There are 2 protein chains.
Amino acid sequence: MNEHIKPDQCQIQEALGTLVGKWKPIILLYLMKEGTQRFSELKREIPEITQKMLTKQLRELEAEGIVAREVYPEVPPKVEYSITEYGRDLQPILEAMHEWGEKHAQYKKENA
Amino acid sequence: MNEHIKPDQCQIQEALGTLVGKWKPIILLYLMKEGTQRFSELKREIPEITQKMLTKQLRELEAEGIVAREVYPEVPPKVEYSITEYGRDLQPILEAMHEWGEKHAQYKKENA
DNA sequence: CCCATAGGTATCATTGATGATACTACCTTA
DNA sequence: TAAGGTAGTATCATCAATGATACCTATGGG
């Protein structure tokens, strides 16, 4: 373990706080895989999410600088979301978690 | 992004579910850094946690196969916790999150 | 005889995250 | 004239996570 990690003030919570939530990882994956998406596209791809939650999660990700929000002043409204360059830094972490998650799901099946 | 990641059934939640909680990362870091620890040692190192929560988190980590629990039939009781070999797989992920977390804390300070 | 110790459980209260549902603005098309 | 589409907000209800507090066990030491 990296010597300078001080558990009592470590920054893992920072990353977790950004990623957790029932919907954030899946939203991020869609934006990373498919690129820029409209609000309604995301809603269609994740039908179980309520509008309220989708809005909330996107706003939080935006506040963290991970997602960019662009509003087109049209009628009907058009709002596009995309991953920022800064947000791309999360990709390796998400991938590592995905990989570990698969192994772990397997592990749990074996020890069920 | 890895092509075979299907957001709608991805395993990131699996990893997140294992790591989140107000106390799990810090518990894992202590066990990874300091090695085997007694219940009371962990409690001393994380004074703000209640016994109930410490017990609960440790039991959950044990159930996931990440932490090993060894009971010594003595009086007063002695119980030791350690990271399993399997649990070691999480170390790179925790480190990556820690690193990103530091950058992100910096980022937030600059954009405050 | 009584208390401290280690590692817990049991019970209740509180809080934050999530969900269901209804409502809005504005323009275009039928 | 009414309906439909987009991107939301507002309000209320519910549930899981966390916390505070008290209690339990057995034994060795004073």
Side-chain angles (χ1 to χ4, degrees), chain A residues 7-8 10 12-28 30-31 34-64 66-82, chain B residues 7-8 10 12-28 30-31 34-64 66-82:
Chain A
D8 35 303
C10 85
I12 292 177
Q13 297 289 3
E14 194 71 39
L16 282 177
T18 299
L19 294 177
V20 303
K22 194 165 166 185
W23 306 108
K24 275 175 188 162
I26 198 174
I27 292 172
L28 289 174
Y30 270 116
L31 292 177
E34 321 266 339
T36 300
Q37 301 268 305
R38 296 185 59 172
F39 184 89
S40 51
E41 291 179 297
L42 287 170
K43 181 72 183 71
R44 247 190 308 281
E45 285 159 336
I46 316 172
E48 321 83 48
I49 196 174
T50 62
Q51 271 189 333
K52 176 190 165 191
M53 285 310 293
L54 183 52
T55 301
K56 188 167 171 263
Q57 306 303 305
L58 285 168
R59 291 296 214 286
E60 288 175 10
L61 291 169
E62 190 198 0
E64 307 268 23
I66 296 176
V67 158
R69 175 172 187 266
E70 182 151 18
V71 182
Y72 298 83
E74 308 172 0
V75 169
K78 175 175 168 183
V79 181
E80 284 183 347
Y81 294 91
S82 56
Chain B
D8 36 302
C10 85
I12 292 177
Q13 297 290 3
E14 193 70 40
L16 282 178
T18 299
L19 293 177
V20 304
K22 195 165 165 186
W23 307 107
K24 275 175 188 162
I26 199 173
I27 292 170
L28 289 175
Y30 270 116
L31 292 176
E34 320 266 339
T36 300
Q37 302 266 304
R38 297 185 60 171
F39 184 88
S40 50
E41 291 179 298
L42 288 170
K43 181 74 184 68
R44 247 192 306 282
E45 284 159 336
I46 316 171
E48 321 82 48
I49 197 174
T50 61
Q51 268 190 335
K52 177 190 164 191
M53 286 311 291
L54 183 51
T55 300
K56 187 167 171 264
Q57 305 303 304
L58 285 168
R59 291 296 214 285
E60 287 175 12
L61 291 170
E62 190 198 359
E64 306 270 22
I66 296 176
V67 158
R69 176 172 188 264
E70 180 151 18
V71 182
Y72 298 83
E74 306 171 0
V75 169
K78 174 174 167 184
V79 182
E80 284 184 347
Y81 293 92
S82 55

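Keep in mind the model is a prediction, meaning the values are calculated, not measured. Just so we're on the same page: letters track the sequence lines, and every chain starts at 1. Below, all heavy atoms of this structure are taken into account, side chains as well, without hydrogens, waters or symmetry copies.
- Using a 4.0 Å heavy-atom criterion, one finds that A:K52 contacts the bases of the nucleic acid, with or without backbone contacts as well.
- Within the model, atoms CD1 of A:I46 and NZ of A:K22 stand 12.0 Å from one another, a figure rounded to the nearest 0.5 Å.
- Separation of atoms CG (A:L16) and CD (A:E14) is listed at 10.0 Å; rounding is to 0.5 Å.
- At the heavy-atom level, A:Y81 lies under 4.0 Å from the strands shown only through sugar-phosphate atoms.
- Distance, A:L16 CG to D:dA17 P: 15 Å, rounded to whole Å.
- In this structure, CG of A:L54 is placed 16 Å from C1' of C:dA17, rounded to the nearest angstrom.
- Atom-to-atom distance recorded for A:E41:CD and A:E80:CD is 8.0 Å, nearest 0.5 angstrom.
- In this structure, B:Q13 places its CD atom 15 Å from C1' of D:dA16, rounding to the nearest Å.
- Between the CZ atom in A:F39 and the CG atom in A:L54 there is a gap of 4.0 Å [rounded to 0.5 Å].
- Put simply, A:R59 has no side-chain N or O that comes within less than 4.0 Å of OP1 or OP2 on D:dA7.
- Applying the 4.0 Å criterion to OP1 and OP2 of D:dA7, one finds that A:R38 has a side-chain N or O inside that range.
- The side chain of B:R44 places no N or O atom within less than 4.0 Å of a non-bridging phosphate oxygen (OP1 or OP2) of C:dG7.
- Atoms CE (B:M53) and C1' (C:dG7) sit 17 Å apart, rounded to a whole Å.
- Rounding to whole angstrom units, CD of residue B:Q51 and C1' of D:dT25 are separated by 13 Å.
- Within the nucleic acid shown, A:K78 comes within 4.0 Å of sugar-phosphate atoms alone, with no base atom in reach, counting heavy atoms only.
- Contact check, A:T50 against C:dA20: no side-chain N or O comes under 4.0 Å of OP1 or OP2.
- Rounded to whole Å, the distance from CG on B:L42 to C1' on C:dG8 is 14 Å.
- Looking at the side chain of A:W23, the nearest of the listed nucleotides C:dG7, D:dG8, C:dG19 is C:dG19.
- Heavy-atom minimum distance, B:Q57 versus B:I27: CB-CD1, 3.7 Å.
- Note: NZ (A:K56) to P (C:dA20) measures 15 Å, nearest angstrom.
- Residue-level contact check: B:Q57 touches the backbone only, with heavy atoms under 4.0 Å from sugar-phosphate atoms and none from bases.
- Residue-to-nucleotide proximity on DNA chain C shows that, of A:K22 and A:P77, the 5′-proximal contact is made by A:K22.
- Not one side-chain nitrogen or oxygen of B:R69 sits closer than 4.0 Å to the OP1 or OP2 atom of C:dG7.
- The nearest whole Å value for the distance from the CD1 atom in B:I49 to the P atom in D:dG19 is 7 Å.
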